[in-house]
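Every chain is numbered from 1 and lettered A, B, ... according to where its sequence line falls, protein lines coming before strand lines.
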There are 2 protein chains.
Amino acid sequence: MKIFIKLKYLGSAYSGYQVQKNAPTVQGELCKAAEKLFGFECDITGCSRTDSGVHANMFCATVVRHGENKIETTLPMDRLPRAINAFLPPDIAVYEAEWVSEDFHARHDVEYKEYIYKIRCSHERDPFLSDRCWHYPRELDDSAIEKMKKAAKHFEGTHDFSAYMAQGSPVESTVRTIFYTDVIRDRENIIFKVAGDGFLYNMVRIMTGTLVNVALGKISPDEIPSITESGDRTRAGMTAPPEGLYLNFVKYR
Amino acid sequence: MKIFIKLKYLGSAYSGYQVQKNAPTVQGELCKAAEKLFGFECDITGCSRTDSGVHANMFCATVVRHGENKIETTLPMDRLPRAINAFLPPDIAVYEAEWVSEDFHARHDVEYKEYIYKIRCSHERDPFLSDRCWHYPRELDDSAIEKMKKAAKHFEGTHDFSAYMAQGSPVESTVRTIFYTDVIRDRENIIFKVAGDGFLYNMVRIMTGTLVNVALGKISPDEIPSITESGDRTRAGMTAPPEGLYLNFVKYR
């Protein structure tokens, strides 16, 4: 059996999820904590990679003994979160754990992932939100939000999303399926929500930059399909900064 | 004339408000930003000192030209916040500015200051709140909150607060007046609010530690007057950590 964990993290202090030499990463912290807890080296497989400064309200991973496809422990799974959190830094917290079978794969078995991107549209800076959203110093009215919402709807479906991919990112296929999108306003905050079976490098952040251009009237909502079809990165918007992005929900098959 | 500013800051990255050699401080950042904005060295007088890791939802200060008791600028006061924020780090933000007379003093003219202390009472850690509240891993019921509220009421009035002062802090008088207190619950968060004409070193944090002892049943609410009267630091509770403390409001005469 493998151990399946759900965690949350504030990504500000980390060079992303995936282990790197000489840089703090979420996976690196999880490996160290698991080794301290179990007394042997562990392999952690995450549901996704997140970039430097990107956060997770829900991130999933499996834990096995290093070099094996299983782990043995007498620790009850309902005790595991508190036990492993004692060895994790305060900006990472495991909140659920359960046993899963050895053929479960934390990344391959994902049905879809939902991301949210938070934009704070205000001239006033909020020091308490500086690393948790994109501070965009311009107020947007409801009609701008409606336009963003309409534009986001055009992302839904199965498309080649190369127009929304950071250049120089080699992937086998640039076709992905987006299941749903939404744009919600909460006072001065705008939240873009998007769920898909997979995302290209920087895809949500480029989609966000494109939606901001829609809000500003630089792109009309109905231009989105032609931008998508063109596969032309230069027609999409800027890459929104990492601090507004949260992996929000992971659905397994 | 002097410039009077209101600001907010997240204190996590700073060794408190007051300038220190070789350590980042809020005052140090304000001095640097003011010099960049005005083109000459400035003196900043704050309404208070805050400790390392303590935050402010409202902090007040005056800005004058270094060595003088006034400043001259053609910059309109309604433009000052955005202008100075351009030179401040994202965890500090000025949100209001106005002209005040030369006999105004940012510290001496304070009528009262209101602090809030946030405690998150939960077994579950929240990575997004780790440096913004005291994570206390125990759930407290409504009767515990009622006891804390009752105990806090006993702090009100004019008393010698030496029992709630960090040892080795030399002050002329340990008598202070507390104008009001409250203890509010917001789901798993408990907020202790206290306003007074002045606070001894670590006073709010020691009051908070004492209220937690009340919540745990180690001290009864009606023991507070006798603890206060005793002046005995060992009878009060622990010093709550800095990350839960916020200077929340400053009232001038």
Side-chain angles (χ1 to χ4, degrees), chain A residues 6-14 17 26 29-30 33 50 53-59 78-97 116 118 120 122-139 188 241 243-244 246-248, chain B residues 6-14 17 26 29-30 33 50 53-59 78-97 116 118 120 122-139 188 241 243-244 246-248:
Chain A
K6 290 183 185 170
L7 54 142
K8 297 172 193 252
Y9 56 83
L10 176 70
S12 315
Y14 301 99
Y17 170 75
V26 177
E29 295 298 327
L30 287 173
T50 60
V54 170
H55 319 293
N57 289 325
M58 177 176 173
F59 188 96
D78 60 343
R79 296 290 160 144
L80 188 138
R82 274 171 87 174
I84 197 166
N85 286 346
F87 301 105
L88 282 168
D91 48 10
I92 304 177
V94 172
Y95 63 92
E96 223 177 281
I116 56 171
K118 294 188 190 174
R120 178 177 150 82
S122 169
H123 289 299
E124 273 189 28
R125 295 205 309 196
D126 185 339
F128 296 97
L129 295 176
S130 70
D131 58 357
R132 286 140 202 245
C133 63
W134 180 18
H135 177 230
Y136 194 78
R138 183 161 174 162
E139 278 152 37
E188 70 273 34
E243 60 267 24
Y246 297 70
L247 177 55
N248 199 48
Chain B
K6 290 183 185 169
L7 54 142
K8 297 173 194 250
Y9 56 84
L10 175 71
S12 315
Y14 301 100
Y17 170 74
V26 176
E29 295 299 328
L30 287 172
T50 61
V54 170
H55 319 293
N57 290 324
M58 176 176 172
F59 187 96
D78 61 342
R79 296 289 160 145
L80 188 138
R82 274 170 88 174
I84 196 166
N85 287 345
F87 301 105
L88 282 168
D91 47 11
I92 304 177
V94 172
Y95 63 91
E96 223 177 283
I116 57 172
K118 293 188 190 175
R120 178 177 149 83
S122 168
H123 288 298
E124 273 189 29
R125 296 206 307 197
D126 185 339
F128 295 97
L129 294 176
S130 70
D131 57 357
R132 286 143 201 245
C133 62
W134 180 16
H135 176 229
Y136 194 79
R138 185 162 172 160
E139 279 152 36
E188 70 274 32
E243 60 267 24
Y246 296 71
L247 177 54
N248 199 48

Y246(A) side chain reached by M58(A) side chain, heavy atoms, under 4.5 Å: no

Sub-4.5 Å side-chain heavy-atom contact between I116(B) and K118(B): yes

Heavy-atom contact with chain A under 4.5 Å, split by part of A56(B): backbone

Part of L88(B) within contact of chain A (heavy atom distance under 4.5 Å): both

Polar side-chain atom of N85(B) near backbone of A93(B) as donor-acceptor pair, under 3.5 Å: no

R120(B) side chain to E124(B) backbone, donor-acceptor under 3.5 Å: yes

Cation over ring face, K8(B) and Y95(B), 6.0 Å, 45°: yes

Distance in Å, D126(A) CG paired with L10(B) CG, rounded so as to fall on 0.5 Å steps: 9.5 Å

CZ on F87(A) to CG on L30(A), rounded to 0.5 Å: 13.5 Å

Contact winner vs chain B - L7(A), D91(A), V94(A), heavy-atom pairs under 4.5 Å: D91(A)

Could you look at [X] and say if it's the side chain, the backbone, both or neither that has a heavy atom under 4.5 Å from chain B?
{"X": "R125(A)", "result": "both"}
{"X": "F128(A)", "result": "both"}
{"X": "P89(A)", "result": "backbone"}

Residues of residues 130-137 of chain A with any heavy atom under 4.5 Å of a heavy atom in chain B: S130(A), D131(A), R132(A)

Any side-chain donor near an acceptor of the partner, T50(A) and Y14(A), under 3.5 Å: no

Y9(A) versus V54(A), closest heavy-atom pair with distance: CE1-O, 3.7 Å

